[in-house]
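For reference, the structure is listed below as structure tokens.
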Amino acid sequence: MDFLLPDRLDDALAAVAARPGTLPVAGGTDVMVRLARGRERPPAAVDLTRIPALARWERSAGRVRLGATVPYTRLADEAAGPLPGLAAAARTVGSRQIRNRGTVGGALGTASAGGDVHPVLLACDAEVELVSAARGTRRVPVREFFTGPGRTVRAPDELIRAVRVPAAEGPQHYAKAGRRGALVVATCSFAVALWPSRGRVGTGIGAAADTPRPACEAEHFVAAELAERRLWQSREPLPESVLTRFGELAAAAASPVGDVRGSAAYRRHAVAVLARRSLARAWHDHCAHLHAKSKEEEPCA
Ligand SMILES: Cc1cc2nc3c(=O)[nH]c(=O)nc-3n(C[C@H](O)[C@H](O)[C@H](O)COP(=O)(O)OP(=O)(O)OC[C@H]3O[C@@H](n4cnc5c(N)ncnc54)[C@H](O)[C@@H]3O)c2cc1C
């Protein structure tokens with residue numbers, strides 16, 4: 001197997017276009033497991049970690065553009081301000097060694113239903129930036145990116161260049177259920193992101209269907225309740241009935257199967273619990289923020 005180490009994106013694109021089956025490698029935390037187990041024998045592998053254009057993140061016009069090879073450690077350390085949900089999810093991935101190597105680009109490439117960052121990317125309406133030598137750049141909403149277990153819309157001659165994520169404008173929360181509190185792959189997970197200016201509540205479910213997926217009905221339900229009850233500016237807690245229904249609708253959006261980590265019934269139940277708790281916590285933080293802001297704005301006595 002040839003191993004290529006380009007330092008220019010164009011050379012990497014030429015490599016994946018020239019030989020079908022060429023395997024992109026970022027942190028290698030998934031790739032190396034597959035190669036070591038003999039699950040794959042690609043004709044060539046192309047290491048992307050020496051390409052400066054993929055290793056940057058930048059913020060502009062209310063968005064963060066996160067290069068495909070920015071490792072989880074850097075994401076959590078440097079970008080937690082504009083991307084609090086993604087940073088929280090990144091902190092739960094594997095061990096520090098895995099977080100030092102693993103990347104969001106690699107997670108999108110693997111497209112595991114249980115990847116920790118996927119629910120947050122869904123809740124934030126992120127876009128995946130794909131690039132090929134032949135057709136240039138296209139942007140795909142992450143909600144359209146996953147097509148099946150381990151499958152995505154990425155063509156074999158395309159690379160993931162970056163993920164574009166709106167900067168947070170309200171609280172975001174990521175919750176993960178697993179067999180231990182740390183160093184664990186999710187049995188199921190849930191993300192919620194509040195977007196007060198748009199009256200929107202974004203969601204994402206992990207490890208409870210064949211792909212990561214949003215809970216669309218739960219989103220519409222809670223957005224309508226918040227608008228009808230005029231709650232966004234009220235600082236009032238969310239009614240129990242709203243939280244419970246939100247959890248039920250999130251669970252209904254899941255279609256889990258049972259495996260060594262948990263039964264289908266457990267996963268569905270856990271999604272309801274995580275969804276309800278995540279929304280309650282995010283809403284609590286939203287109200288606390290409004291309260292602090294109103295104190296700041298009070299005239300001095
Ligand atoms: C011990 C261990 C624990 C783990 N724990 C967790 C966990 O808790 N949570 C979690 O979510 N994951 C976990 N993982 C999985 C893994 O760390 C993540 O999926 C990680 O995000 C993969 O990123 P990477 O950069 O290492 O990808 P790589 O292994 O380099 O690549 C993964 C896939 O993406 C493709 N790819 C990579 N970059 C690109 C690109 N720019 N364009 C196109 N395709 C690309 C590769 O060809 C490959 O198919 C764990 C893995 C291990 C070994």
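Worth knowing before you read on, the calculation uses all heavy atoms, side chains too, and leaves out hydrogens, waters and symmetry mates. Just follow the structure's listing: the first ligand is 1, and inside any ligand the first atom is 1.
Proximity of R154 to ligand 1, defined as any heavy-atom pair under 4.0 Å, is confined to the side chain (atoms from C-beta onward). When heavy-atom distances to ligand 1 are checked against a 4.0 Å cut-off, V104 has no atom that comes that close, whether in backbone or side chain. Counting heavy atoms closer than 4.0 Å to ligand 1, residue R34 contributes side-chain atoms (C-beta onward) but none from N, CA, C or O. The residue E40 has no part lying near ligand 1, judged by heavy-atom distances below 4.0 Å. Here A107 has heavy atoms under 4.0 Å from ligand 1 in both its backbone and its side chain. Residue contacts with ligand 1 for V184 involve N, CA, C or O but no side-chain atom from C-beta outward (heavy atoms, distance under 4.0 Å).
Each of the following atoms of ligand 1 lies closer than 4.0 Å to a heavy atom of I160: 40 (C), 41 (N), 42 (N), 43 (C). For ligand 1, the atoms closer than 4.0 angstrom to any heavy atom of A68 are 41 (N). Those atoms of ligand 1 with a heavy atom of G102 less than 4.0 angstrom away are 23 (O), 24 (P), 25 (O), 26 (O). Ligand 1 places these atoms under 4.0 Å from at least one heavy atom of T110: 32 (C), 33 (C), 34 (O). With ligand atoms numbered from 1 in the order given, ligand 1 contributes 11 (O) to contacts under 4.0 Å with heavy atoms of G115. The distance from ligand 1 to the heavy atoms of V31 drops below 4.0 Å at these ligand atoms: 28 (P), 29 (O), 30 (O), 31 (O), 46 (C), 48 (C). Atoms of ligand 1 found under 4.0 Å from any heavy atom of K176 (numbered from 1 in listed order, with element): 8 (O). Annotation for ligand 1: atoms under 4.0 Å from non-hydrogen atoms of A26 are 25 (O), 30 (O), 37 (C), 38 (N).
Taking 4.0 Å as the cut-off, T92 counts as a neighbour of ligand 1 on heavy-atom distance.
For atom 47 (O) of ligand 1, a protein heavy-atom neighbour is found at a distance under 4.0 Å.
Remark: R281 CZ is loosely packed, at most 12 non-hydrogen atoms of other residues, nucleotides or ligands lying under 6.0 Å away.
For the pair V242 and R276, the minimum side-chain heavy-atom distance is 4.5 Å or more. Counting only heavy atoms from C-beta outward, the side chains of H173 and L194 never approach each other to under 4.5 Å. For the pair I160 and R154, the minimum side-chain heavy-atom distance is below 4.5 Å. In this structure, the side chains of T203 and F246 come closer than 4.5 Å at one or more pairs of heavy atoms.
Protein heavy atom at the shortest distance from atom 37 (C) of ligand 1 is G106 CA, 3.7 Å. Here the heavy atom of the protein found nearest to atom 13 (C) of ligand 1 is V93 CG1, 4.0 Å. Closest protein heavy atom to atom 17 (O) of ligand 1: T29 OG1, 2.7 Å. Among all non-hydrogen protein atoms, the one lying nearest atom 45 (C) of ligand 1 is P24 CB, 3.8 Å. Among all non-hydrogen protein atoms, the one lying nearest atom 11 (O) of ligand 1 is D116 N, 2.9 Å. Looking at atom 39 (C) of ligand 1, its nearest protein heavy atom turns out to be L48 CD1, 3.9 Å. Taking atom 52 (C) of ligand 1 as the reference point, the nearest protein heavy-atom neighbour is I98 CD1, 3.6 Å. Looking only at heavy atoms of the protein, atom 15 (C) of ligand 1 is closest to D30 OD1, 3.2 Å.
The pair R74-D77 does not meet the salt-bridge criterion, since no charged nitrogen lies less than 4.0 angstrom from a carboxylate oxygen. With respect to the salt-bridge test (charged N to carboxylate O, under 4.0 angstrom), the residues E296 and K293 do not qualify.
Residue-to-ligand polar distances keep E158 apart from ligand 1: every N/O pair is separated by 3.5 Å or more. Between L159 and ligand 1, not a single N/O pair is under 3.5 Å apart.
Rounding to the nearest 0.5 Å gives a distance of 3.5 Å between CZ of R235 and OG of S294.
Under 3.5 Å, the side chains of S132 and R138 contain no donor-acceptor pair of N or O atoms.
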Go through D47 and L4 one step at a time and tell me if the side chain to side chain contact (heavy atoms under 4.5 Å, CB included) criterion holds.
CA-CA 6 Å; D47 185 321; L4 310 170; over 6 Å; no
Can you check salt bridge (Lys or Arg N to Asp or Glu O under 4.0 Å) on E129 and R63, steps first, answer last?
CA-CA 13 Å; E129 208 177 291; R63 253 170 207 279; over 6 Å; no
What verdict does the side chain to side chain contact (heavy atoms under 4.5 Å, CB included) test give for C124 and Q172, after you've listed the backbone C-alpha separation in whole Å, the side-chain angles of each residue and the deciding distance to 0.1 Å?
CA-CA 9 Å; C124 292; Q172 301 183 350; 3.6 Å; yes
Quick one: do T69 and V104 satisfy side chain to side chain contact (heavy atoms under 4.5 Å, CB included)? Show the steps, please.
CA-CA 7 Å; T69 63; V104 173; over 6 Å; no
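Residues in residues 100-109 take part in these side chain to side chain donor-acceptor pair (under 3.5 Å) pairs, two or more places apart or across chains: T73-N100. Among residues at least two apart or in separate chains, side chain to side chain donor-acceptor pair (under 3.5 Å) pairs with a member in residues 262-274 are D259-R267.
Closest to atom 24 (P) of ligand 1 by heavy atom, among P156, P71, G27, A90, is G27.
Cluster membership for L130 and L54, using ILVMFWY side-chain heavy atoms within less than 4.5 angstrom, is not shared.
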